[in-house]
Amino acid sequence: MAQKGENASHEMTIDRDVAVPLRDGTQVLANVHRPDGPGEFPALVSMTPYCKDIEELAYLGPKIGRFNLEFAAVEGGDSEFWAANGYAHVVVEIRGTGNSEGTFQGLLSPQEAPDGYDVVEWVAAQDWCDGNVGMIGLSYLGITQFKTAAERPPHLKAIAPLHSFIDLYRDMSYHGGIPSRVMFSGHLLIPARNAFSTAEKEYDADELRSRVHAVLTDEGMNFGTNPFLVSTLCSAPETRPIPFDGLIHPEDGPYWRERSAVERLEEIEVPTFLGANMHAHSVPVHLPGAANGWSKISAPKKLAFHECNWGGVNRPWYQYHDELLRWFDHWLKGEENGIMGEPPVKIWVRGREEYRYAEQWPLLEDTEWTRFYLREGGRLTQDEPPADDEAPARLDYEPALPVVLAQPISPPPEKLSYTTESFETDVEVVGPLALYLQASLTGDDGDFIISVRDVDPDGVEFPLSRGWLRASHRELDEERSEEWRPYHTHSNPTPVKANERYEFAIEIRPLANLFKAGHRLKLEIQPCDFQGPDPTTYDWTQFWGFVQHIPYGKPVSYEVHHEPN
């Protein structure tokens, strides 16, 4: 567990179900965990949609042990730790969830930003608060920090949105344009009140019926072959509004933009501590928030890619508390503890098993950009392009049944593998990757799911990162793309022409790995996700059971070309 700190001297008292008024008269409820005794203290706010009372499960501490999805929504942190160190920790149920008044307006509703402003200013005015307020929490509780900070409440002094995605479409719901199961989990986790469907308000009845029909009958989308997806789309929208709205908006657009923190990061003026893990559960969802959010924020900031928690961060994620104590002690208590004199970026390098420190992210000045080429026979060669006569590799795909709530019921898909020769010396790879794939398809669409792995001399593989792209979503936004990070519009899906060769630029999530001498780098290409039956080989970069993707619904064969175009 995190230590209480050198100056810790407080016990904790809890004021439960405290009403917090918002500007429109709605009252949201809070549990206030604060130091037991007189005086004024700085406060940390966590705004949760998951029910404020579950945060007290954090006190189970060691009984929870390693990360478990059952406790994934316990994201506010260790209130006892913060109270012991002289902070109030205020956990608030957002509008329309739990026992808070009002209507839940959908996943990451724009309404949560002004509500966050009101909560921060109310906390600052309480007689137990000294007027200095920060925000803390993971995931959803981190995204509300971004959005609140963009509103610039006067008493908000610093935030720490760890493990928090910033683009609801790209980071969570439609990786590379491929629908992810994760957006169907919200209705299970969030105790929403009076919830409504945004799509029902956005379209008239005829338009909505037409959109439902379109996504249900789109064979490639494959929604019409799963009981959960069919029942969601064929029921009244308010029955399951969160997945309904996600399914009815399969392309990027205003629905996703107004819910994505990335659209407001440049408005943040308070010090911001970003962080995530690499090579684990963060890869499909949370890693981009830290990796891509860094460049958008001009306020004082820190970035930490922490040591990989294989299987997720323990609850109450006490591993990060000592570091954040220094952060908030500096910005909320005015302590000169040296934290801002340290390099702003730290990166845990797997294989080296230590942190690397830097002044920037990505490490553009220190990077030797290196090209690897896909070659006939499953070879992956460095700086050695293929010959003109190298035959393509073929991959045949039969549609897999989409699985939302259970284990795979389809046979394993075929896959293509490309592997380097054993490295003669240690090779450190830190930062983003991109795959520029030359391929043709026998149909009008299909999916590319990419895995990057470290293979040791005994053949044991460690999955490092992933990338995704649906072929029809290949259109790039040239202004926002970098060679090392292709950025797709996802707003204009265009079928491919059968048997015509295209280049597919695929972003791969960043990694930080030391490939030791004798190890190899392996790249895999699959047409859909699949989790094997052996639990010892569970791949957290895929995060089956929470993040796996709805497979493409039509048979298609792929040819991956090796020779120059």
Side-chain angles (χ1 to χ4, degrees), residues 138 160-164 166 271-283 286-297 300-313 317 319-327 330 337-372 382 420 423-434 452-456 462-467 482-485 507-522 540-541:
L138 306 181
L162 304 184
H163 290 257
S164 301
I166 55 175
T272 302
F273 196 120
L274 299 167
N277 294 147
M278 293 185 183
H279 316 145
H281 69 295
S282 288
V283 167
H286 290 135
L287 179 54
N292 300 333
W294 170 257
S295 64
K296 300 287 186 180
I297 297 172
K301 56 189 176 181
K302 300 281 280 188
L303 173 62
F305 294 111
H306 291 108
E307 181 177 357
C308 175
N309 295 101
W310 192 239
V313 184
W317 52 276
Q319 294 98 324
Y320 307 151
H321 280 45
D322 292 328
E323 184 174 46
L324 293 187
L325 179 62
R326 296 181 65 220
W327 174 254
H330 177 74
N337 54 23
I339 190 168
M340 296 308 293
E342 300 164 359
V345 178
K346 72 175 189 178
I347 307 157
W348 181 264
V349 181
R350 178 190 172 269
R352 194 178 295 284
E353 308 308 319
E354 61 184 22
Y355 280 108
R356 175 173 178 171
Y357 296 87
E359 297 295 326
Q360 60 177 181
W361 175 262
L363 310 182
L364 299 180
E365 295 178 0
D366 297 332
T367 296
E368 180 182 341
W369 296 103
T370 304
R371 295 181 184 274
F372 285 83
Q382 181 177 339
T420 66
F423 291 111
E424 296 181 358
T425 60
D426 291 354
V427 175
E428 186 171 285
V429 180
V430 177
L433 296 84
V452 177
R453 298 165 177 265
D454 183 336
V455 185
D456 74 12
F462 186 94
L464 296 168
S465 190
R466 285 194 168 242
E482 302 283 355
E483 188 174 15
W484 41 265
R485 191 201 169 202
E507 176 191 5
I508 298 174
R509 299 286 201 243
L511 57 85
N513 187 70
L514 179 70
F515 291 88
K516 295 180 180 179
H519 286 229
R520 293 172 293 152
L521 186 155
K522 182 178 183 180
W540 279 97
T541 67

Using a 3.5 Å distance criterion without hydrogens, assess whether the side chain of [X] forms a donor-acceptor pair with backbone atoms of [Y].
| X | Y | result |
| --- | --- | --- |
| Lys301 | Trp294 | yes |
| Lys302 | Ile339 | yes |
| Asp426 | Lys516 | no |
| Thr541 | Val283 | no |

Taking all non-hydrogen atoms of both residues, which atom of [X] and which atom of [Y] are closest, and how far apart?
| X | Y | answer |
| --- | --- | --- |
| Ala304 | Phe273 | CB-CE2, 3.9 Å |
| Ala276 | Ala290 | CB-CB, 4.1 Å |
| Pro288 | Ile166 | O-CD1, 4.1 Å |

In Å and rounded to the nearest 0.5 Å, what is the [atom1] to [atom2] distance from [X] to [Y]?
| X | Y | atom1 | atom2 | value |
| --- | --- | --- | --- | --- |
| Asn277 | Glu307 | CG | CD | 9.0 Å |
| Leu433 | Phe372 | CG | CZ | 9.5 Å |
| His306 | Tyr355 | NE2 | OH | 5.0 Å |
| Leu274 | Ile297 | CG | CD1 | 4.5 Å |
| Glu354 | Leu514 | CD | CG | 9.5 Å |
| Trp361 | Ser295 | CH2 | OG | 11.5 Å |

Would you check if the distance from the ring center of His163 to the ring center of Tyr320 is below 6.0 Å? yes
Run Val427 and Leu521 through side-chain contact (heavy atoms from CB on, under 4.5 Å) and show every step you take. CA-CA 10 Å; Val427 175; Leu521 186 155; over 6 Å; no
Check the pair Asn292 / Arg485 against side-chain contact (heavy atoms from CB on, under 4.5 Å), numbers first and verdict last. CA-CA 10 Å; Asn292 300 333; Arg485 191 201 169 202; 3.2 Å; yes
Name the orientation class of the two ring planes belonging to Phe515 and Phe423 (parallel below 30°, tilted from 30 to 60°, perpendicular beyond 60°). tilted
Determine the interplanar angle of the Trp484 and Trp369 rings, folded into 0 to 90°, and report it as parallel if under 30°, tilted if 30 to 60°, perpendicular if over 60°. parallel
For Glu428, salt bridge (charged side-chain N to carboxylate O under 4.0 Å, His left out) partners two or more places apart: Arg352, Arg356
Using the salt bridge (charged side-chain N to carboxylate O under 4.0 Å, His left out) criterion, which residues pair with Arg453? Sequence neighbours excluded. Glu461, Glu524, Asp539
With a 4.5 Å limit on heavy-atom distance, are the side chains of [X] and [Y] in contact?
| X | Y | answer |
| --- | --- | --- |
| Leu511 | Arg509 | no |
| Met278 | Cys308 | no |
| Thr272 | Pro161 | yes |
| Phe305 | Pro510 | no |

Check step by step if side-chain contact (heavy atoms from CB on, under 4.5 Å) holds for Leu464 and Arg350. CA-CA 10 Å; Leu464 296 168; Arg350 178 190 172 269; 4.2 Å; yes
Sequence neighbours excluded - side-chain hydrogen bond (donor to acceptor under 3.5 Å, both in side chains) pairs with any residue from residues 339-349: Glu323-Lys346, Arg326-Glu342
Exceeds 12 heavy-atom contacts within 6.0 angstrom, atom CD of Glu365: no
I'd like to know whether His281 forms a side-chain contact (heavy atoms from CB on, under 4.5 Å) with Val313, so could you lay out the CA-CA distance, the side-chain angles of the two residues, the decisive distance to 0.1 Å, and finally the verdict. CA-CA 9 Å; His281 69 295; Val313 184; 4.1 Å; yes
